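All heavy atoms count here, side chains included; hydrogens, waters and symmetry mates do not. In the text below, chain A, chain B and the rest are named by the order of the sequence lines, each starting its count at 1. Here the structure is a predicted model, which is why all the values come from computation and not from measurement.
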Number of protein chains: 2
Amino acid sequence: MGELTLVRAARPARVKIAPKTELPLGQILAGDCVSEMRKLPDASIDLVFADPPYNLQLGGDLNRPDGSHVDAVTDDWDRFDSFAAYDAFTREWLTECKRILKPDGGLWVIGSYHNIYRVGAIMQDLGFWLLNDIVWRKSNPMPNFRGTRFTNAHETLLWASQGEKARYHFNYRAMKTLNDELQMRSDWVLPICSGGERLKGDDGHKAHPTQKPESLLYRVLLATTEKGDVVLDPFFGTGTTGAVAKRLGRDWIGCEREAAYRKVATARIAKELPLDESALTTMQSARSQPRVAFGAVVEAGLLPAGTEVFDKKRRWRAQVRADGSLLCGKESGSIHHVGKTLQGAPSCNGWTFWHYERDGEIKPIDAARQLYLLSVED
Amino acid sequence: MGELTLVRAARPARVKIAPKTELPLGQILAGDCVSEMRKLPDASIDLVFADPPYNLQLGGDLNRPDGSHVDAVTDDWDRFDSFAAYDAFTREWLTECKRILKPDGGLWVIGSYHNIYRVGAIMQDLGFWLLNDIVWRKSNPMPNFRGTRFTNAHETLLWASQGEKARYHFNYRAMKTLNDELQMRSDWVLPICSGGERLKGDDGHKAHPTQKPESLLYRVLLATTEKGDVVLDPFFGTGTTGAVAKRLGRDWIGCEREAAYRKVATARIAKELPLDESALTTMQSARSQPRVAFGAVVEAGLLPAGTEVFDKKRRWRAQVRADGSLLCGKESGSIHHVGKTLQGAPSCNGWTFWHYERDGEIKPIDAARQLYLLSVED
DNA sequence: ATCGATATTGAATCTAGGA
DNA sequence: CTCCTAGATTCAATATCGA
């Protein structure tokens, strides 16, 4: 797995990065996340994913129209006396996150409208720089049983870097691949965690009231970490972050106060198997790939000289020449230059503009580049 | 257009509601919104819709890359020295909104991740009670050209009441109808404002950098106001709020500092035609229908005393008595009470629980209520 | 086994009015 | 204040059950 895209040029950090060997990798730290994080060295963590209490402030009981009772989140850990108390708690754990994150580290926090506005403002106050807010659109949310509001069908994730000028990691290419060759948007449609994925306790009841779906963590980790990175989750719960991190070949650390959650998480992560190298490699960022001359692809016989290439709408056709240039009428030159000139565009990515036909299928010539890259590996 | 559902029980407000005649209805107040709102009486406005500046640049202190983007929002009104200045500005205009809103009034604010977390936290601090956060999912957002982040494909709207215990208006039934008989969710998919709807200035360039689509305001006003309500927009811009309000038969007031925007908005709203009464009629919640005593239905002979009623699965049968009570074995009482007791349920809507047979068909006794309502109309 | 019907459940700030 | 009662209100995905 290659390096991810490092976005934003900045001077190399002068902060001393703590080596991984000083970290309790693959461990669930038993205790309050603030005191546990305080034991960790500065600038040692690549990514924090945090799912803090939402401070729901629920009223009385709620029944469905069929009379059944809604099992609400009434756990002690979600009770705060006031917004001020919640803010103080939030400021405290976010401050520790800021300290232990590397200068190019990333922070994700998930929440609902009950807490996310406070969390977001405090993140900004502490100097975190918001990169995106992501909306998790639930495909199967709980309805509003009383018909009093809009169905609360989403939760919000905030993604931030250490500061306005800080570098951060974003695996643009992997996200685009995951999204069927369209840029990944800030709204993600994913189902809630249910069925076999939902962990049960010994009593057959759900082990944790707010277990997050693995698909959500999968996308977060794939987008903003690389293999071997260290991911910390201060509110580990049943360990979704740890399970997905292990699967994706990332190191992880969790903090969790409740012994029952730690027990479930430990068993769960033990069962998890890391994906093998080849599965992870396909998610590499195009920008960090070695540059490939079109000529090398031609040379390798993947798009032999004489092959006809064309744009997606077949407005233009061009011929591949032996030296890796294209010829289209009077225009000739690199794949990028010819594409740009024909369109009258300021620039053109020839790899995605030009296409070829193989076995009745039309593919961008970038597909041939990928094949070339595979063939030269090892 | 009938009355909307009033949600949440609260004592009748002791606040004196200012009459509409004291308000500058259908006017764009020329000036800063805080000073203009200060001239308005307390408790006089039904709904505020606000689209405040987004704080895209954080002023000269935080030296930004040299702002050479052609179409970026770089107007003077969108510059603030710091988060603190933005917060102070936000607190100021929201405080005036709180004062001029009626006790059962509603507040909507739209923003992006640059400002909405600060706005949301301040709203909560001022005592506004968040009812929903709504995600406007843009069907055609601007791509992220540099491939450095997720495509920023949504904006966020916050909907709040005056306080935790305050009443508010929500036209649940109209929203459900608009959404093909499914509850309206908190994520709305709507296109951005473009094409003919996008207003152009004399130079042929877009008149305003962040003109909102009318479909967005249409849904907001239909959901949370009724005909004749007064809607105020403190950042009127090119008057989308006024145009849609006029079309939907709501009164409106705008505040706008820039003469150029006022000019465009005035011309735009002048062209707008109100929909006629029948088009404005929306589906009504059952809650807004007149209450009918079951006894009245019995009295009217629609379900005469002695009629046998039963639940859908015919697990229980009961007899209608002359006073409008039911008898089932030892249990007797109102249609609701008997249904509730027999099922051991926390509550029961007798109108839909009990059924009767007529001409070989089985109908809920609610059908008899509807017949009764028809018979007493006019 | 299979198919259709029925039951369960999910981060929920979830009523209104009168005595 | 509290208490009481009328009565309005749900979507999608699993899991279980019964023929």
Side-chain angles (χ1 to χ4, degrees), chain A residues 51-75 77-80 83 110-116 136 138-156 191-198 200 204-206 208-213 237, chain B residues 5-12 124 128-133 160-161 163-165 167-168 170 172-173 176 179 181-186 285-289 291-294 313 324 333-337 339-340 345-354 365-366 369:
Chain A
D51 181 11
Y54 288 8
N55 189 22
L56 286 189
Q57 304 177 259
L58 300 177
D61 278 3
L62 180 64
N63 293 303
R64 299 186 182 80
D66 65 5
S68 62
H69 184 255
V70 175
D71 185 14
V73 178
T74 50
D75 306 68
W77 50 252
D78 197 45
R79 286 211 195 101
F80 294 85
F83 280 135
I110 182 167
S112 67
Y113 68 88
H114 311 85
N115 71 324
I116 201 67
W136 167 26
K138 301 180 184 182
S139 54
N140 48 349
M142 189 181 320
N144 182 299
F145 297 117
R146 281 297 177 69
T148 54
R149 304 182 181 187
F150 297 97
T151 304
N152 192 9
H154 73 274
E155 292 187 25
T156 301
I192 60 175
C193 180
S194 68
E197 189 187 325
R198 188 86 194 207
K200 306 286 191 292
H205 204 251
K206 59 189 175 193
H208 191 283
T210 69
Q211 187 184 338
K212 295 294 174 289
Chain B
T5 311
L6 264 178
V7 188
R8 261 185 192 277
R11 296 292 155 254
Q124 290 180 313
F128 285 108
W129 193 249
L130 293 183
L131 298 166
N132 277 117
D133 58 349
S161 67
E164 181 176 2
K165 298 288 170 67
R167 290 186 179 205
Y168 60 90
F170 180 53
Y172 174 76
R173 203 66 196 70
K176 191 168 173 176
N179 196 39
E181 288 308 308
L182 287 178
Q183 285 190 340
M184 186 69 81
R185 299 168 40 118
S186 57
S285 157
R287 266 194 282 263
S288 60
Q289 288 183 357
R291 287 204 172 199
V292 175
F294 181 63
K313 294 180 185 162
S334 76
I335 51 173
H336 315 293
H337 177 79
K340 173 178 121 172
S347 71
C348 170
N349 182 345
W351 292 107
T352 51
F353 178 73
W354 295 109
I365 60 176
D366 191 51
R369 173 169 61 165

Legend entry - Check: C:dT13 base within 3.5 Å donor-acceptor of A:Arg149 side chain: yes

Inset, instruction - Choose from D:dT9, D:dT14, D:dA6 the nucleotide whose nearest atom is closest to any side-chain atom of A:Ser194. - result: D:dT14

Inset, instruction - Would you mind classifying the nucleic acid contact of B:Leu130 as base, sugar-phosphate or nothing, using non-hydrogen atoms under 4.0 angstrom? - result: base

Legend entry - Check: D:dA8 base within 3.5 Å donor-acceptor of B:Ser347 side chain: yes

Legend entry - Sugar-phosphate, base or nothing in reach of A:Trp136, heavy atoms under 4.0 Å: nothing

Inset, instruction - Please indicate yes or no: is the ring centre of A:Phe145 less than 5.5 Å from the centre of the six-membered base ring of C:dC14, with the two planes inclined by under 30 degrees? - result: no

Inset, instruction - Assign B:Thr352 to base, sugar-phosphate, or nothing according to its heavy-atom contacts below 4.0 angstrom with the strands shown. - result: nothing

Inset, instruction - Could you check which of D:dT9, C:dT9, C:dT13 has an atom nearest any side-chain atom of B:Ala286? - result: D:dT9

Inset, instruction - Determine whether any donor atom in the side chain of A:Arg146 lies under 3.5 Å from an acceptor atom in the base of D:dG7, or the reverse, and answer yes or no. - result: no

Inset, instruction - Mark yes or no for a side-chain to base donor-acceptor pair under 3.5 Å between A:Lys212 and C:dA11, with no hydrogen or angle criteria applied. - result: yes

Inset, instruction - Any chance you could lay out the side chain to side chain donor-acceptor pair (under 3.5 Å) test for B:Ser334 and B:His336, step after step, and finish with the verdict? - result: CA-CA 5 Å; B:Ser334 76; B:His336 315 293; 5.4 Å; no

Inset, instruction - Could you give the distance separating C:dC14 and D:dA12 at their P atoms, to the nearest angstrom? - result: 23 Å

